[in-house]
Every structure is written in C-alpha cells, then in structure tokens.
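Just so you know, ligand 1 is whichever comes first in the structure, and atom 1 is the first atom listed for that ligand. Computed from a prediction, not measured in an experiment: that's the story for all the values here.
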Amino acid sequence: MYNPTHTHQDYGNDPLAVRHTDHYQAEYIQSFVEKWDQLIDWDGRAQSEGDFFVRMLREHGARKVLDVATGTGFHSVRLLKEGFEVTSADGNPNMLAKAFANARSHGKLLRTVQADWRWLNQDVHDYYDAAICLGNSFTHLFDERDRRKALAEFYATLRHDGILIIDQRNYDALLDHQVEPSHNFYYCGDNVRATPEHVDDSLARFRYEFPGDHVFHLNMFPLRKDYLRRLLHEVGFQRVTTYGDFKETYREDQPDFFIHVAEKH
Ligand code: SAM
C-alpha cells in the first residue's frame, strides 16, 4: 500500500518488472523528494533554461497557465514571478506539499490541485491558455491508453488557441546507444549521478546516487521523440514544434531533452 512517508522505495523482488503507470506514487517518497530538492539548485536550473519557457508562453500570448506536473514547484514559482496566472497540479500529494512550501519561501502562494492526468478534468474546472508538463514527467505513463487519455485531458483543458508544452528526455539516444551511460544528465546538478541502469523498449530504469550513499531509482517508459509527436497530432493538436535543449536547431543525438510545443489551433 502506498505510504508517502516511507524512507525506502519498494520495487519488490523484480524491479525490472515494475512497468505500470500508478507506480509514480510509490516512487516519489518523501526522502527522495527532500534529497532532490536539497541538491538540485534552482538557480542553476533557471540559468540553464534561460527564458525559454517564458518566451514561448509570451510568444503564444499565454497568461493563464496550468502546470500539470508541478513536482516541487520549480516552473510554477518561476512563472508566478514572471507575472503569469498559474494553477499547479500534480497527482502526488508529497510533491504538492513540497511545492507549496517552496513557493512560500519564495514569497508566493501556490494554487494547487491534486489530480492524476488521466482524470484531470474531474478536478480542474477551468480553461487555460497553456498547459506545461515539464521535467521529463510524461515518461511515467507506461500504457499507450494512459498516454492518449492524459493528452486528451490536457487538450480539453486548453482554450481554443491554447498550447501544450511538454518535454522528454532524449530516449532515442539511449535506445540507439548513442550516449554513454556515464553521461551526466541535464538538471541533475553536480551532486547527483544519474545512470541508466537498464534500458529496453518499454523500460528505462535510472539510478540516482546522492552524496552519503543515498540511492533512489525511477522506472520510466522510454518515449521516442517521433512517437510522442505522433500521439500529440493524433489527439488533435494541429502543429507540433520540437526543440532540443531549448534551441530550435539541434543535432538529433546531442540534446538531453526534447521540448514539444503543441498548438491546438
Ligand atoms: N515538473 C517538475 C520538475 O520539472 O521539477 C516535476 C517533475 S517529476 C520528474 C514528475 C512529476 O509528475 C511528479 O511530481 C509526479 O508526481 C507527477 N506525475 C507522474 N505521473 C503522474 C500522473 N499520472 N498524474 C499526475 N501527476 C503525475
């Protein structure tokens, strides 16, 4: 049973068999969330992203934003500081509590909604100019049906000319063996070693090592870039523009992340 105060993640006897969407609840235990936030320095992250998301949102005339994967609140707080009207959703209550506290320490009050993406519109009853799903969050969905359902829910919460900004780790490079497993991944910071411990067509299991021998894992679905672009089109987005590591031109095997801007109109 899911217990948010557990200090150890539980993957059972066969961690490689854990390939289901609901498992994110058991992965983001409090100790992992706390460690992550101590070590991922928000200033460093802000610097590496620059004003990419702010610029994208402004270029599309967005003011009212739904952060569907709030996590510990990095993007919600950033956008509030830039003057956007933000609603912060996440399926995990530990994350929302941490995000709320983080925002308070930045002098901001978060408007939070606990909602699983697959049933987002049960809890979110408003329309937005933009939805953001960042920090490689969509990778937590293991079934195609869940992915389609979640994207359809994101689509439904957007105004007629709204946009969805969704990012993903560059799994193509991993699946096609184009990057070294020792590669240090974006936004992990200098103190965290993130290593892909196992990669196959339906699982990327990452090991996160923190100073003091604290080890956590995440089991994720290795989304291919063109597959996600296709799903976005299939749920109804008219135009999907893909960026690599916050730049418009990229070499396919180089970026750590892809960012898709999907337009409804
Ligand atoms: N966007 C944040 C960032 O960049 O720091 C958080 C990223 S974290 C990798 C992924 C987040 O997605 C977690 O907070 C998790 O609780 C949330 N999440 C995963 N699957 C979800 C689902 N099915 N419904 C709602 N939230 C989900």
Side-chain angles (χ1 to χ4, degrees), residues 2 4 9 18-30 32-46 48-49 52-53 65-80 86-103 106 110 112-124 130-154 157 164-169 171 185-189 192 194 204-206 208 216-221 223 246 256-259:
Y2 160 59
Q9 291 175 310
V18 179
R19 299 171 187 226
H20 45 91
T21 297
D22 291 320
H23 199 254
Y24 77 98
Q25 294 287 20
E27 285 176 319
Y28 289 113
I29 54 171
Q30 208 150 13
F32 185 26
V33 171
E34 294 292 339
K35 269 268 154 327
W36 190 265
D37 237 33
Q38 276 165 25
L39 293 169
I40 307 299
D41 140 43
W42 279 24
D43 293 339
R45 200 173 165 192
S48 85
E49 286 186 6
F52 184 88
F53 296 115
V65 180
L66 177 67
D67 185 353
V68 296
T70 298
T72 59
F74 175 77
H75 288 107
S76 286
V77 171
R78 176 86 205 273
L79 294 182
L80 280 172
V86 182
T87 299
S88 305
D90 199 289
N92 185 295
N94 289 335
M95 286 297 200
L96 284 178
K98 185 71 186 163
F100 191 82
N102 280 340
H106 284 256
L110 280 198
T112 58
V113 185
Q114 189 187 339
D116 189 286
W117 303 325
R118 292 164 289 175
W119 304 281
L120 186 76
N121 291 278
Q122 266 178 23
D123 302 293
V124 173
I132 57 171
C133 183
L134 302 176
N136 197 34
S137 296
F138 201 66
T139 188
H140 285 293
L141 302 178
F142 275 91
D143 291 328
E144 176 155 320
R145 262 192 344 175
D146 291 334
R147 281 177 219 123
R148 287 184 185 280
K149 180 79 170 94
L151 290 179
E153 294 280 315
F154 299 165
T157 197
L164 167 67
I165 308 183
I166 184 165
D167 72 5
Q168 60 172 118
R169 190 181 283 291
Y171 288 112
F185 286 93
Y186 160 74
Y187 99 87
C188 291
V192 190
R205 178 169 165 83
F206 269 69
Y208 297 89
F216 296 92
H217 286 87
L218 286 179
N219 280 16
M220 302 177 281
F221 180 85
L223 288 162
F246 320 116
D256 275 358
F257 265 65
F258 294 120
I259 300 122

Has ligand 1 got any nitrogen or oxygen that is less than 3.5 angstrom from a nitrogen or oxygen of Trp117? yes
Q. If we only count heavy atoms from C-beta on, is the Met220 to Phe206 side-chain gap below 4.5 Å?
A. yes
Ligand 1 to Thr70, heavy atom cutoff 4.0 Å, flagged ligand atoms 2 (C)
Check: Would you call Val68 and Thr157 a side-chain contact if the rule is heavy atoms closer than 4.5 Å?
Finding: no
Of Asn136, Asp90, Thr21, Asn94, the residue with the heavy atom nearest atom 13 (C) of ligand 1 is Asp90
### Arg78/Asp67 ion pair, N-O < 4.0 Å
no
### Query
With distance as the sole test, does Asn136 use its side chain to make a donor-acceptor pair with the main-chain N or O of Arg169 at under 3.5 Å?
yes
- Task: Please confirm whether Gly91 comes within less than 3.5 Å of ligand 1 when only nitrogen or oxygen atoms on both sides are compared.
- Result: yes
Exercise for review: Could you check if a side-chain atom of Glu153 sits within less than 4.5 angstrom of a side-chain atom of Trp117, using non-hydrogen atoms only?
Suggested key: no
task: Answer yes or no: is there an ion pair linking Asp143 with Arg145, defined by an N-O contact shorter than 4.0 Å?
output: no
At under 4.0 Å between heavy atoms, what of Leu134 touches ligand 1? The answer is backbone
With heavy atoms and a 4.0 Å threshold, my read on which part of Gln114 contacts ligand 1 is neither
Within less than 4.0 angstrom of ligand 1, does Asp116 place any heavy atom?
yes
Ligand 1 atoms nearer than 4.0 angstrom to some heavy atom of Met95 are 14 (O)
A student checking ligand 1 against Arg45 at a 4.0 Å heavy-atom cut-off should list atoms 3 (C), 4 (O), 5 (O)
With heavy atoms and a 4.0 Å threshold, my read on which part of Ala115 contacts ligand 1 is backbone
Checking heavy atoms under 4.0 Å, the part of Asp146 that sits near ligand 1 is neither
Practice task
Could you tell me whether Leu141 and ligand 1 have an N or O pair separated by under 3.5 Å?
Solution key: no
For Gly135, the ligand 1 atoms with a heavy-atom partner under 4.0 Å come out as 4 (O), 7 (C), 9 (C)
Check for me whether Arg45 meets the cation-pi criterion with Phe74, that is, NZ or CZ under 6.0 Å from the six-membered ring centre and within 45 degrees of the ring axis. yes
Atoms of ligand 1 under 4.0 Å from any heavy atom of Ala69, numbered from 1 in the order shown, are 1 (N), 2 (C), 6 (C), 12 (O)
### Message
Could you tell me if the side chain of Phe221 sits less than 4.5 Å from the side chain of Leu141, heavy atoms only?
### Response
no
* side-chain contact (heavy atoms from CB on, under 4.5 Å) evaluation trace for His106 with Leu80 -> CA-CA 10 Å; His106 284 256; Leu80 280 172; over 6 Å; no
